[in-house]
Amino acid sequence: MEFIAEGIKNAFSLIIGLDREMVAIVFLSLKVSTLATTIATIISVPIAFTIALREFTGKRLLITLINTLMSLPTVVIGLLLYSFLSRRGPLGFTNLLYTPWAMVIGQAILAFPLITGFSLSAIRGADPRIKETVLALGGGDMRVAIGIGLEERFALLAAIAAGFGRVFSEVGISMMVGGNIRWYTRNITTAIALETGKGEFALGIALGIILLLTAFVINFLLRYLEGKR
């Protein structure tokens with residue numbers, strides 16, 4: 001138990017002292033996760049509106065596929081992305097493997113079905129009178145989407161927050177396509193895995209505390225937004 005107590009003590013020293021390497025790791029995690037969530041949101045939300053507001057052949061199958069992809073393991077995404085970005089892969093010429101951008105792409109793929117699925121549920125759960133009223137007033141699909149978007153804004157924000165929480169705590173993609181390179185692609189989760197393997201618990205515990213605090217803030221935000229619905 002002594003080494004655990006010593007690790008926690010040293011962890012708080014690192015946090016209070018704003019250890020340079022710890023700050024760099026946290027900053028990279030926030031930057032990569034924010035970029036990935038932003039890219040996924042820009043793609044996911046319009047697709048969710050399109051699926052929810054239009055009728056087409058295969059709609060149910062597409063929704064089932066999106067819901068299935070929401071539980072896709074991160075190591076599977078990492079494996080597929082690695083095969084595309086590796087030197088022998090079709091995108092090997094881009095030299096993106098083991099860079100922060102490879103992590104952004106992988107995390108955006110991870111967040112895409114999650115944000116799409118939650119956004120789709122929010123839009124489909126909107127009051128149908130919004131669509132009927134807008135169409136009766138001569139508005140088109142865009143005005144219907146804006147009306148529903150404003151009505152369900154908190155649910156859509158909750159979907160985005162859930163996507164961010166998922167990518168911020170993932171480790172498989174970052175490890176496989178980021179490479180866990182010190183001062184370059186090492187983020188919170190990969191650093192925790194590395195430090196634990198080395199038996200160096202102080203930095204791992206410090207990063208774990210920051211990860212838990214971030215998860216708490218995200219969950220608090222989700223509950224707050226759900227209460228606004």
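Bear in mind the structure is a predicted one, so any value in this text is a computation, not a measurement. Just so it is clear, the values below take in all heavy atoms, side chains as well, and ignore hydrogens, waters and symmetry mates.
A chain of hydrophobic side-chain contacts below 4.5 Å, direct or via other Ile, Leu, Val, Met, Phe, Trp or Tyr residues, connects L97 to V76. Hydrophobic clustering of Ile, Leu, Val, Met, Phe, Trp and Tyr side chains at less than 4.5 Å, counting indirect connections, keeps I42 apart from I39. Transitive grouping of hydrophobic side chains (ILVMFWY, heavy atoms separated by less than 4.5 Å) brings L213 and L207 into a common cluster. Under the 4.5 Å side-chain heavy-atom criterion for Ile, Leu, Val, Met, Phe, Trp and Tyr, I192 and M175 are members of distinct hydrophobic clusters. Both L85 and V167 are part of a single hydrophobic cluster, where members link through side-chain heavy atoms under 4.5 Å apart.
Y98 has its side chain out of reach of T185: every pair of non-hydrogen atoms, C-beta onward, lies at least 4.5 Å apart. With a 4.5 Å cut-off on side-chain heavy atoms, L53 and I148 count as touching. Contact check for T189 versus F168: no side-chain heavy atoms found under the 4.5 Å cut-off. Proximity of V144 to L135: side-chain heavy atoms (C-beta onward) are separated by under 4.5 Å at one or more points. Side-chain contact between E152 and I123: absent, with no pair of heavy atoms (C-beta onward) separated by less than 4.5 Å.
Once rounded to the nearest 0.5 Å, the distance linking CD1 of I25 with CD1 of I188 reads 8.0 Å. In this structure, CG on L114 lies 7.5 Å from CZ on R166, to the nearest 0.5 angstrom. The distance from the CG atom of L81 to the CE atom of M103 is 11.5 Å, given to the nearest 0.5 Å. Residue L110 holds its CG atom at 10.0 Å from OG of S33, rounded to the nearest 0.5 Å. The distance from atom CD1 of I109 to atom CD1 of I77, rounded to the nearest 0.5 Å, is 6.5 Å. A distance of 7.0 Å separates CZ of F164 from OG1 of T214, quoted to the nearest 0.5 Å.
Within the structure, ring-ring contact (aromatic ring centres under 6.0 Å, His included) pairs that include any residue of residues 102-127 do not occur (at least two apart or interchain).
Applying the salt bridge (charged side-chain N to carboxylate O under 4.0 Å, His left out) rule to R88 yields no partners; only residues at least two apart in sequence or on another chain are considered. Judged as a salt bridge (charged side-chain N to carboxylate O under 4.0 Å, His left out), and not counting sequence neighbours, the contacts of R129 are D127. Partners of R87 by side-chain hydrogen bond (donor to acceptor under 3.5 Å, both in side chains), not counting sequence neighbours: none found. For N180, the side-chain hydrogen bond (donor to acceptor under 3.5 Å, both in side chains) partners at least two apart in sequence or on another chain are R186, T190.
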Please tabulate, for side-chain N and O atoms in residues 60-69, each donor-acceptor pair with protein atoms closer than 3.5 Å (sequence neighbours left out).
from	atom 1	to	atom 2	distance (Å)
T64	OG1	R60	O	2.9
N67	ND2	I63	O	3.3
T68	OG1	T64	O	2.8

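Closest of all the heavy-atom pairs between I115 and S44 is CG2-CB, 3.8 Å. Annotation for M70 and G117: closest pair SD-CA, 4.1 Å, computed over non-hydrogen atoms. The two residues M176 and Y82 come nearest to each other via the heavy atoms O-CD1, 3.6 Å. In this structure, A52 and R124 approach most closely via the heavy-atom pair CB-CG, 3.9 Å. A pairwise comparison of heavy atoms in G163 and A111 identifies O-CB, 4.3 Å as the closest pair. Listed here is the closest heavy atom pair of T38 and T34: OG1-O, 2.7 Å.
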| message | Between R182 and L194, is the side chain to side chain contact (heavy atoms under 4.5 Å, CB included) condition met? List the steps. | response | CA-CA 11 Å; R182 190 182 187 191; L194 177 71; over 6 Å; no
| task | I would like to know whether F49 and D141 meet side chain to side chain contact (heavy atoms under 4.5 Å, CB included); could you show each step before the answer? | result | CA-CA 10 Å; F49 271 103; D141 289 344; over 6 Å; no
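The neighbour count for F56 CZ, taken as heavy atoms of other residues, nucleotides or ligands under 6.0 Å away, is above 12. Annotation for K31: atom NZ does not count as buried by contact number, only 12 or fewer foreign heavy atoms lying within 6.0 Å.
Listed for the S29 side chain is no donor-acceptor partner under 3.5 Å among the backbone atoms of N187. Although no hydrogens or angles enter the test, the distance criterion places no donor-acceptor pair under 3.5 Å between the side chain of K131 and the main chain of G147. When atom types are taken as modelled, the side chain of E170 and the backbone of S174 share a donor-acceptor pair closer than 3.5 angstrom.
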